[in-house]
Amino acid sequence: MDLGGVALRPGPPESESVLLARAEELSGLSLARVAERYGRAVPPDLRRAKGFVGSLLEHALGATASSRAAPDFEALGIELKSLPIGKDGTPCESTFVCTIDLVRIADVEWQASLVKRKLSRVLFVPVEGDRALSVGARRVGTPFVWSPSAEDEAALRFDWEELAGIIGRGDAEGITGHLGRHLQVRPKAKDASARRRGVDADGMPYAALPRGFYLRASFTGKLLLEHFPR
DNA sequence: GATTGATCATGT
DNA sequence: ACATGATCAATC
């Protein structure tokens, strides 16, 4: 059968080294080339396709859990994150980690937190993110797998405990993106009118703006430098 | 220019 | 509704 040169989505990688090898094989390619390989259309810009790069990489690498609360590579326990890189070589955006259960976060310890679990092993795939480049022209960079060092974990834990503590006290509405050295809390919603269940300082349920944890670009920039010193 | 708060699309 | 994938764009 003639598939017009369109490749099939690969199955899940059987090991971390296979996954990394697949990702390395993509490095240097433009997003147009990767999309073409899988017969996917490239949007003119990302305004209405913000998840395009991440979804394309998931597809090309054989990620298993789409839109489910599981690691992208379930069997390997590895999370995939694309990392948009600006002209200066540093990340130009923060990295979303997970949404926050405002009702229950007070009852969970750092060790059992979604943030710790999500970040236990991550495949970062840098991709050019300069808005002056068309989406198709942006190239995939050299991937790397990361697990938090003891220092990383202590620092993330410090931020998490501060932020989770504020939410746990029922003061989620008092949180701004200014808080947290490496990890921050920002809205994660359809729009500013979106609401989900929260608990206020008196323990009363209320309709809260949905929020999520994000890694600051300065933090992922530090990871990049540690893996690719220059 | 960097950052925060707002927003977009899609799948379960 | 809420999870996934994030970037946009107003504001500092």
Side-chain angles (χ1 to χ4, degrees), chain A residues 9 23 31 34-35 38 40-74 78-105 113-115 117-119 122-136 138 140 159 163 166 172-198 205-222:
Chain A
R9 175 211 277 268
L31 295 180
V34 178
Y38 297 100
R40 292 168 71 107
V42 178
D45 58 59
L46 299 181
R47 276 181 304 188
R48 300 205 160 266
K50 297 184 180 183
F52 169 75
V53 179
S55 301
L56 178 64
L57 292 175
E58 283 185 340
H59 188 95
L61 296 173
T64 46
S66 84
S67 290
R68 292 188 298 111
D72 294 294
F73 303 97
E74 266 177 295
I78 297 176
E79 186 71 21
L80 170 66
K81 290 293 180 193
S82 63
L83 195 57
I85 304 297
K87 282 195 294 282
D88 64 359
T90 67
C92 53
E93 289 289 351
S94 55
T95 297
F96 174 70
V97 180
C98 59
T99 51
I100 303 174
D101 184 333
L102 300 167
V103 175
R104 300 199 214 177
I105 194 167
S113 70
L114 208 45
V115 172
R117 276 159 45 198
K118 287 262 185 186
L119 299 181
V122 181
L123 171 66
F124 282 105
V125 181
V127 177
E128 286 180 320
D130 179 0
R131 279 143 92 153
L133 297 171
S134 72
V135 176
R138 299 179 191 181
V140 179
D159 288 341
L163 296 163
I166 294 171
E173 301 308 309
I175 290 192
T176 77
H178 297 279
L179 269 40
R181 179 98 159 73
H182 304 302
L183 194 64
Q184 62 180 169
V185 169
R186 305 220 307 274
K188 170 66 171 175
K190 175 154 193 354
D191 57 52
S193 69
R195 288 295 181 268
R196 69 179 301 180
R197 212 176 156 71
Y206 76 105
L209 176 65
R211 295 164 194 266
F213 283 110
Y214 294 78
L215 293 176
R216 292 185 180 278
S218 55
F219 182 78
T220 50
K222 185 172 69 71

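Chain letters run A, B, ... following the sequence lines, proteins first and then strands; every chain starts at 1.
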Of the nucleotides dT4(B), dA6(B), dA6(C), which has the atom closest to the His178(A) side chain?
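The answer is dT4(B).
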Of dA6(B), dG5(C), dT4(B), the nucleotide closest to the side chain of Lys118(A) is dG5(C)
What does [X] touch in the nucleic acid at a heavy-atom separation under 4.0 angstrom: a base, only the sugar-phosphate, or nothing?
{"X": "Lys188(A)", "value": "base"}
{"X": "Pro84(A)", "value": "sugar-phosphate"}
{"X": "Ala189(A)", "value": "base"}
{"X": "Gly54(A)", "value": "sugar-phosphate"}

Does [X] place a side-chain N or O at less than 4.0 Å from the phosphate oxygens OP1/OP2 of [N]?
{"X": "Ser55(A)", "N": "dA9(B)", "result": "no"}
{"X": "Arg196(A)", "N": "dA3(C)", "result": "yes"}
{"X": "Thr176(A)", "N": "dT4(B)", "result": "no"}
{"X": "Arg48(A)", "N": "dT10(B)", "result": "no"}
{"X": "Lys81(A)", "N": "dG5(C)", "result": "yes"}
{"X": "Arg186(A)", "N": "dA6(B)", "result": "no"}

Please report the distance, rounded to the nearest Å, between [atom1] in [X] and [atom2] in [N].
{"X": "Glu93(A)", "N": "dT4(B)", "atom1": "CD", "atom2": "P", "value": "11 Å"}
{"X": "Gln184(A)", "N": "dA2(B)", "atom1": "CD", "atom2": "P", "value": "15 Å"}
{"X": "Asp191(A)", "N": "dA10(C)", "atom1": "CG", "atom2": "P", "value": "16 Å"}
{"X": "Arg216(A)", "N": "dA2(B)", "atom1": "CZ", "atom2": "P", "value": "14 Å"}
{"X": "Glu58(A)", "N": "dA6(C)", "atom1": "CD", "atom2": "P", "value": "7 Å"}
{"X": "Leu56(A)", "N": "dG5(C)", "atom1": "CG", "atom2": "C1'", "value": "12 Å"}
{"X": "Asp45(A)", "N": "dA6(C)", "atom1": "CG", "atom2": "P", "value": "17 Å"}
{"X": "Arg181(A)", "N": "dT3(B)", "atom1": "CZ", "atom2": "C1'", "value": "15 Å"}

Hey, does the side chain of [X] reach the backbone of [Y] with a donor-acceptor pair shorter than 3.5 angstrom?
{"X": "Arg138(A)", "Y": "Leu133(A)", "value": "yes"}
{"X": "Gln184(A)", "Y": "Gly177(A)", "value": "yes"}
{"X": "Asp159(A)", "Y": "His182(A)", "value": "yes"}
{"X": "Ser82(A)", "Y": "Phe124(A)", "value": "no"}
{"X": "Arg196(A)", "Y": "Ile100(A)", "value": "yes"}

By nearest-nucleotide position on DNA chain C, the 5'-leaning member of Asp72(A) and Arg138(A) is Asp72(A)
Go nucleotide by nucleotide along DNA chain C from the 5' end; which of Ala70(A) and Ser94(A) gets its closest nucleotide reached first?
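The 5'-side residue here is Ala70(A).
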Fill in: Evaluation steps, side chain to side chain contact (heavy atoms under 4.5 Å, CB included), between Leu215(A) and Leu183(A)
CA-CA 5 Å; Leu215(A) 293 176; Leu183(A) 194 64; 3.8 Å; yes
On DNA chain B, more 5' by nearest nucleotide between Leu179(A) and Ala49(A) is Leu179(A)
*Of Gly177(A) and Asp88(A), whose closest DNA chain B nucleotide lies nearer the 5' terminus?*
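Result: Asp88(A).
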